[in-house]
Number of protein chains: 2
Amino acid sequence: MVAQGRRARVRQATLAEIRATARRLLIEQGSAAVTINAVAREMGMSGPALYHYFAGHEELVGAVTADFFRELTEVMEAARDEHPPGDHGPRLLATCRAMRTWAITHRPEFGWVFASPITSERRPDSPRELAGRDFEHVFLEEFAALWESRPFPVPAELDPSIRRQLQAYTASLGLGLPVEAVHVFLSCWIRLYGLLCMEVLGQLDFAYTDLEPVFEECLREIAPRLGLDYEAAAP
Amino acid sequence: MVAQGRRARVRQATLAEIRATARRLLIEQGSAAVTINAVAREMGMSGPALYHYFAGHEELVGAVTADFFRELTEVMEAARDEHPPGDHGPRLLATCRAMRTWAITHRPEFGWVFASPITSERRPDSPRELAGRDFEHVFLEEFAALWESRPFPVPAELDPSIRRQLQAYTASLGLGLPVEAVHVFLSCWIRLYGLLCMEVLGQLDFAYTDLEPVFEECLREIAPRLGLDYEAAAP
DNA sequence: ATGTTTCCTTTATGCCTCTAAGCAAACTTA
DNA sequence: TAAGTTTGCTTAGAGGCATAAAGGAAACAT
């Protein structure tokens, strides 16, 4: 943190209050209630005043989303760090479980992050995208460390189209992972995150009321693909 | 179809035009552009006129969503019926592929159906819910027929919580399936539909540009769990 | 002490949903 | 066929939203 004058400090406080108010409205009344006007009204300000803090509704939404990403990231890192640095298996599983725990204890927030249909072109330097990448990296780094320390078996050959596509992504990661390992990582990611999204969006309510055991089953299926011992890190 | 007077016919035509206009706006300008006013304007009517056809914005959205479900259902049934009634394996795979094909050739529509956050309490007799159940049944019926004709191995024991939850759902289906089979069905469904949703919502754009081979890989992994021969029904 | 920056206000435009009142054409019925 | 009723639309209007513009007052810098 850079030292700031009083002016700057007050401004930061107001910014934080705006984001907190937006979050409260989201939780209490749903995403549609998070309007510039409503947030300002809650704070005892006039609507247009908020334009001194955010360029518009979309930027406010992006800032709040970034907050959620950061909070989720912190929670996951804390859960991960309850295990020693070398225990990549338990650390990864703890990270996954922390993600789901946060998601279901913060449904409106998680739904807001996930189910935001691509509203506009996403600039890669926006706070939202930066925080999103940090979130992604919690998994990626632990995964890469796991691969470093104890590589697991990967498919001998990949579908040519998949290989081609993943080559660019793998290179952009700069983690020295082989394409095949990245493919395994993404397969697991799709299963885990896909399940979570369906749960939070209520797409499975027709059959389930509590998806915790389904999530654990998913972890149990995924673990051996990474050479992990699920039973050794059961919940 | 019941015989109708001229009056009723004109009304049906206007209803159809409204839904078609709403769909066109969705495709051309995104979901936010589908407003009562915009639809009416496009049709050369005044806004409030639409309230003679739909009780409000939400009902219009529901009607359009039901249209999408019905169209998707028809496409899947047509693809399924290209295979003889007894060939449950190829019929199921064709149904899955038709679902994805429709989804990616109708991204706005599919995204609209899926990513509609639970906007209000859903009444189970609304057109949207009815059409949604028909869609669900295309998979369920073929799956039940497959089980009838050639039961596949199912897990010997289920997590007690999962078993308890699925008992109610299984009973409500009235298809005479065992709970274990329903569990296998839902596991496959979650993987397939979850992947599709992530694709359409752009959640995998960071790594993939074309998910067709990933989808096929998913089918290849799912098929043996249902006792199906993937290679015999490769694309 | 003066000028500038910052914060917030009110005002205004144009969009949205939805209600209400009213008119005219089309049907129904006596 | 004439009167009454239903239907399909209109305009008017209330209230909310995003956003732009203009202005006042306080805080800050010099």
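In what follows, chains carry the letters A, B, and so on, assigned in the order in which the sequence lines appear, proteins first and then strands, with residues in each chain numbered from 1. Only this structure's heavy atoms are used, side chains among them; waters, hydrogens and symmetry mates stay out. Not measured: the values here are computed from a predicted model.
The minimum heavy-atom distance linking B:G47 with B:N37 is given by the pair CA-OD1, 3.6 Å.
Put simply, CD1 on B:I18 is 11 Å from P on D:dG8, counting in whole angstrom units. As a whole-Å value, the separation of B:F54 CZ from C:dT17 C1' is 16 Å. At whole-Å resolution of the value, CG in B:L50 and C1' in C:dT19 are 15 Å apart. Between the CG atom of A:L25 and the C1' atom of D:dC17 there is a distance of 14 Å, given to the nearest Å. The NE2 atom of A:H57 sits 15 Å away from the C1' atom of C:dC15 (whole-angstrom rounding). Atom CD of B:Q12 and atom P of D:dT7 are 14 Å apart (whole Å). Straight-line distance from the CD atom of B:E42 to the C1' atom of C:dC16: 16 Å, rounded to whole Å. If you take CG of B:L60 and C1' of C:dC16, they are 14 Å apart, rounded to a whole angstrom.
The shortest distance between the side-chain N/O atoms of B:R41 and the OP1/OP2 oxygens of C:dC16 is below 4.0 Å. Between B:S46 and the phosphate of D:dT11, there is a side-chain N or O to OP1/OP2 separation shorter than 4.0 Å. Side-chain N/O atoms of B:N37 include none lying less than 4.0 angstrom from OP1 or OP2 on C:dC15.
Residue contacts shown for B:Y53 are limited to sugar-phosphate atoms, with no base heavy atom under 4.0 Å away. Across all strands, A:H52 comes closer than 4.0 Å to base atoms (heavy-atom distances). Counting non-hydrogen atoms under 4.0 angstrom, B:G47 reaches nothing in the nucleic acid.
Using modelled atom types, one finds no donor on one side chain facing an acceptor on the other under 3.5 Å when comparing B:E77 with B:T73. For the residue pair B:E71 / B:W102, a side-chain donor-acceptor distance below 3.5 Å is found, with atom types taken as modelled.
Checking C:dT17, C:dT9, C:dA20 against every side-chain atom of A:M45, the shortest atom distance belongs to C:dT9. Closest contact between the side chain of A:R11 and the listed nucleotides C:dT11, D:dG8, C:dC7 involves C:dC7.
Ionic pairing of B:E212 and B:R100 is not present here: no N-O contact between side-chain nitrogen and carboxylate oxygen is shorter than 4.0 angstrom.
Two rings, from A:Y169 and B:F206, have their centers less than 6.0 Å apart.
Nearest-nucleotide positions on DNA chain C place B:Y51 closer to the 5' end than the other of B:Y51 and B:R7.
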